[in-house]
Chemist: 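Take a look at the following structure, please.
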Amino acid sequence: VSTVSDPRSNEAPLCLLASDGTLAEGHAPALDDRELLSAWRAMLLSRAFDERCFSLQRQGRLGTFSTVHGEEAAVIGSAWALDPSRDWIVPQYRELPAMLHQGYTLTRFLQYFTGDPAGNFMPEGVNVLPFQISLAAQLPHAVGLAWGLRHQGSDAAVIAYFGDGASSEGDTHEAMNLAGLRRAPVVFLLKNNGWAISTPVAKQTAGLSFAARAAGYGFPGELVDGNDLFAVHDATHRAVERARAGEGPTLIEARTYRMGAHNTADDPTRYVDPAELERRRAADPIDRLRRYLLNRGLIDAGSETELAAELGQEIEVAVRASEGGPRPGPAALFAHVYATPPQRVRDQRSEATGEPG
Amino acid sequence: MAVMNMVEAIRSCLSDEMQRDERIMLLGQDIGVNGGVFRATEGLQERFGADRVVDMPLAEGVIIGSAVGLACSGLLPIPELQFLGFGSQAFHQIEGQVARMRFRSQGRYPMSMVIRAPFGGNVRTPEMHSDAHEAKYVNAAGLKILMPATARDAKGLLAEAIRDPDPVLFCEPLRGYRLIRDEVPEKDYTVPFGQARIAREGDDLVIVAWSAAVVIAEKAAELAAAEGYSVAVLDLRSLVPLDTDALREAVARCGRALVVHEATLTGGFGAEIVATIQQEAFWSLQAPIGRVTAPDTPYPIASVEEFYVPSVERVLAGVRAVIEA
């Protein structure tokens, strides 16, 4: 039984990995051991990077950002069901490990959150749209992208990430409705982490299940334990297969929990009950997977220490790389606004930069 | 040359461009079997198929929002807002996403798309259809905004918009769809952005207008001529880019200017024109610049819209007021 189900709902999420680290009997994971260990590495990297970024932010070396803390299985379990060479990710802003899987880098993330616009550039071959800040606006994009890829003969799938808060926006409804109509190869991955800043999910909707909404749009919805890497991966893998086969979209509600603050400017002690947070800590997705990997003998205490050191070094390399470059000047205001800028904008650029127009 | 009305010119352009460029997809409400509520896309679904001329659900936000994704996939969407008045339902996607995706992605995802939107009054539509909302889109940096006033320009500017890599809001005058008729070249041509058109020559005053207001301005100029005033009409064609040179030259020649637009006065694009003229041609001015616009009230129901939209009589009165000031 899941430890993260919504107390208001009696619907049981798909759970394959019990909190003691035992896998459901008879379940053969689609992830092989090599992929599983890379997912484990990504989870630890994400947690360590969150901590490092939090400290950089407190030192004034990084702007306001949001951690993934607590949602690692939901993000990584889903992203690991994609083939980065053809599939796409349409993120919100709390899915860094999924973006890394597609080829984005820690350095670019740090650049973006130190205020260098180059950080939002995805090089060719990195199939990721920019961070979305205006919540749910990315969902129509994901539908159009999936539809457009299919229109051009690709069998690619697109994962669109959003949350319980974004589910209240009109764009969520419009996007799902169109996805159903066009049978777009898109997976709507709703991370229900319980909070939209200080608004609990019970104040977001009177509905007891987000997954159930899919029926209204003519495609399947599935509720999964979002702290169970195997359950998230299994559901996403099936959804991606459906997408490739032309069977259309799927909505996956991954029930998880935001263990950190909304972002570095937020103080959750104002609204999160400490006893509740303590209970949620017991369902930490990393601890759960660790138990499984230890049971299987795929890791041991020594290998984890070694890995932690390696990840720490990787993070420091990225931090140094992100801090080394020149700071953007006023020309950055004008770069890539227009392909062919109006004269007025060219004049404004000259005035701001002192360079000829 | 063939004489076409504006809706025929637009349809002819869409057809030619779709033939030329396989990436083009049309999206909109009622644009397929029905050919669009104004028939701007009549026959195109039959010709190019339902995969390229797509009847969309009644949801402006996702008509524009999915066009963003289609553009990211390498296609060239031409979404239609059935009426610009309903563009507010998609404003967050146009202003927040379409206009700045190139900027936010540092050039990785250019938004090659043209948003077509009919607008403007005096055609007896129900409420909320006719508003001239162009000024609020001018604040969406990254967007180009076109306002054709002739059939020839509608075709040539639309072709240029489709071939331009930046996103374009292409506003079509409802009142002009069938009333505006002129000669349209049969060969392939485009009209470049940012070059205003001198619709009528004159020496005493220049009326600056765009879209259907140009027709009103021309009629008023004609009547003013009978009163002995030589009035020029400058058709801006595009608000972004703005032809500052043409404004400066017209005011330098005439010394007086009157701006006419269908939108409300305060914060309307006329304010930008007045500010630009005083910056560029202050010492040429012989009189304060006039404005004839809608009052600062919501677009009314049809029975009183003739009092709301600038009429020939009001524009003529505006001409007299500036010249006799």
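These numbers were taken from a predicted model, which means no experiment stands behind them. Numbers restart at 1 for each chain; the letters A, B, ... are given by sequence-line order, proteins then strands.
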Chemist: Tell me the closest heavy-atom pair linking B:Met101 and A:Pro130, and the distance in Å.
Modeler: SD-CG, 3.8 Å

Chemist: Given A:Ser134, which partner from the list B:His92, B:Gln97, B:Gln93, B:Glu95 fulfils the side-chain contact (heavy atoms from CB on, under 4.5 Å) test?
Modeler: B:Gln97

Chemist: What heavy-atom pair brings A:Val337 and B:Arg102 nearest, and what distance separates the two atoms?
Modeler: O-CD, 3.6 Å

Chemist: Please examine the side chains of A:Arg344 and B:Thr276, heavy atoms only from C-beta on, and report whether any two atoms are closer than 4.5 Å.
Modeler: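 Yes, close enough: below the 4.5 Å cut-off.
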
Chemist: Just by modelled atom types, is the A:Gln132 backbone N or O under 3.5 Å from a matching donor or acceptor in the B:Arg104 side chain?
Modeler: no

Chemist: Name the region of B:Leu143, side chain, backbone, both or neither, that has any atom closer than 4.5 Å to a heavy atom of chain A.
Modeler: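 When you check distances to chain A, only backbone atoms of B:Leu143 fall under 4.5 Å.
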
Chemist: Is atom CD1 of B:Ile198 surrounded by more than 12 heavy atoms (other residues, nucleotides or ligands) closer than 6.0 Å?
Modeler: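 Atom CD1 in B:Ile198 is not packed in, count stays at 12 or less.
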
Chemist: Any chance CD of B:Gln278 has more than 12 other-residue heavy atoms, nucleotides or ligands included, within less than 6.0 Å?
Modeler: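 More than 12 within 6.0 Å, yes.
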
Chemist: Are A:Gln152 and B:Ser73 close enough that some pair of their side-chain heavy atoms sits under 4.5 Å apart?
Modeler: yes

Chemist: What's the verdict on side-chain contact (heavy atoms from CB on, under 4.5 Å) for A:Glu124 and B:Arg108, showing C-alpha distance, side-chain angles and the deciding distance?
Modeler: CA-CA 8 Å; A:Glu124 200 61 44; B:Arg108 169 78 194 274; 3.7 Å; yes

Chemist: Which answer fits A:Leu129, side chain, backbone, both or neither, if we ask what part of it has an atom under 4.5 Å from a heavy atom of chain B?
Modeler: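 It is both, since atoms from each part get that close.
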
Chemist: Please classify the contact between A:Ala332 and chain B as side chain, backbone, both or neither, with a heavy-atom cut-off of under 4.5 Å.
Modeler: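 Looking at A:Ala332, just its backbone touches chain B.
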
Chemist: Using heavy-atom distances under 4.5 Å, tell me whether A:Asn120 contacts chain B through its side chain, its backbone, both, or neither.
Modeler: both

Chemist: Looking at CG of B:Leu58 and CG of A:Asn177, how far apart are the two atoms once the value is rounded to the nearest 0.5 Å?
Modeler: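 Between B:Leu58 CG and A:Asn177 CG, I get 10.5 Å after rounding to 0.5 Å.
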
Chemist: Could you look at B:Met111 and say if it's the side chain, the backbone, both or neither that has a heavy atom under 4.5 Å from chain A?
Modeler: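 Neither the backbone nor the side chain of B:Met111 comes within 4.5 Å of chain A.
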
Chemist: Would you mind checking which part of A:Val128 comes under 4.5 Å of any heavy atom in chain B, side chain (CB onward), backbone (N, CA, C, O), both or neither?
Modeler: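 Backbone of A:Val128 only, per the 4.5 Å heavy-atom cut-off to chain B.
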
Chemist: Do you know which of A:Val143, A:Leu181, A:Leu178 has the most heavy-atom pairs under 4.5 Å to chain B?
Modeler: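 Most heavy-atom pairs under 4.5 Å with chain B: A:Leu178.
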
Chemist: Please round to the nearest 0.5 Å and tell me the distance separating atom SG of B:Cys72 and atom CG of A:Asn127.
Modeler: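 CG of A:Asn127 is found 11.0 Å from SG of B:Cys72.
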
Chemist: Answer whether the closest heavy-atom distance between the side chains of B:Pro57 and A:Glu174 falls below 4.5 Å.
Modeler: no

Chemist: Is it the side chain or the backbone of B:Asp245 that comes within 4.5 Å of chain A heavy atoms, both, or neither?
Modeler: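 Neither part; nothing is under 4.5 Å.
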
Chemist: For B:Ser105 and A:Phe121, which heavy atoms make the closest approach, and how far apart are they?
Modeler: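 Of all heavy-atom pairs spanning B:Ser105 and A:Phe121, the closest is O-CD1, 3.3 Å.
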
Chemist: Check the side chains of B:Thr244 and A:Gln343 for a donor-acceptor pair under 3.5 angstrom, ignoring hydrogens and angles.
Modeler: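 Judged by distance alone, the side chains do not pair up.
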
Chemist: Considering only heavy atoms and a distance below 4.5 Å, find which of B:Leu75, B:Asp243, B:Leu242, B:Asp51 pairs most often with chain A.
Modeler: B:Leu75

Chemist: Can you tell if the side chain of A:Leu145 reaches within under 4.5 Å of the side chain of B:Tyr109, non-hydrogen atoms only?
Modeler: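 Counting from C-beta outward, A:Leu145 and B:Tyr109 never come under 4.5 Å.
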
Chemist: Heavy-atom count check: over 12 atoms from other residues, nucleotides or ligands less than 6.0 Å from A:Glu247 CD?
Modeler: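 Buried by this count: over 12 neighbours within 6.0 Å.
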
Chemist: Return yes if some donor-acceptor pair links the side-chain N/O of B:Asp166 with the main-chain N/O of A:Thr340 below 3.5 Å, else return no.
Modeler: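 Flag set: sc B:Asp166 to bb A:Thr340 pair under 3.5 Å.
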
Chemist: Side chain from CB out, backbone as N, CA, C, O: work out which of these in A:Ala118 comes under 4.5 Å of a heavy atom of chain B, or both, or neither.
Modeler: backbone

Chemist: Only pairs of heavy atoms separated by less than 4.5 Å count here; which of A:Pro341, A:Pro123, A:Ser154, A:Ala156 has the most with chain B?
Modeler: A:Pro123

Chemist: Pair B:Leu70, A:His151 - check side-chain contact (heavy atoms from CB on, under 4.5 Å), show working.
Modeler: CA-CA 9 Å; B:Leu70 288 166; A:His151 178 87; 5.8 Å; no

Chemist: For A:Ala137, is it the side chain, the backbone, both or neither that has a heavy atom under 4.5 Å from a heavy atom of chain B?
Modeler: both

Chemist: A:Tyr338 side chain to B:Phe103 main-chain N or O, any donor-acceptor pair under 3.5 Å?
Modeler: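 Looks like no, no N/O pair under 3.5 Å.
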
Chemist: If you count heavy-atom pairs under 4.5 Å between each of B:Pro77, B:Gly69, B:Ala59, B:Ala141 and chain A, which one has the most?
Modeler: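 Most pairs with chain A among the choices: B:Gly69.
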
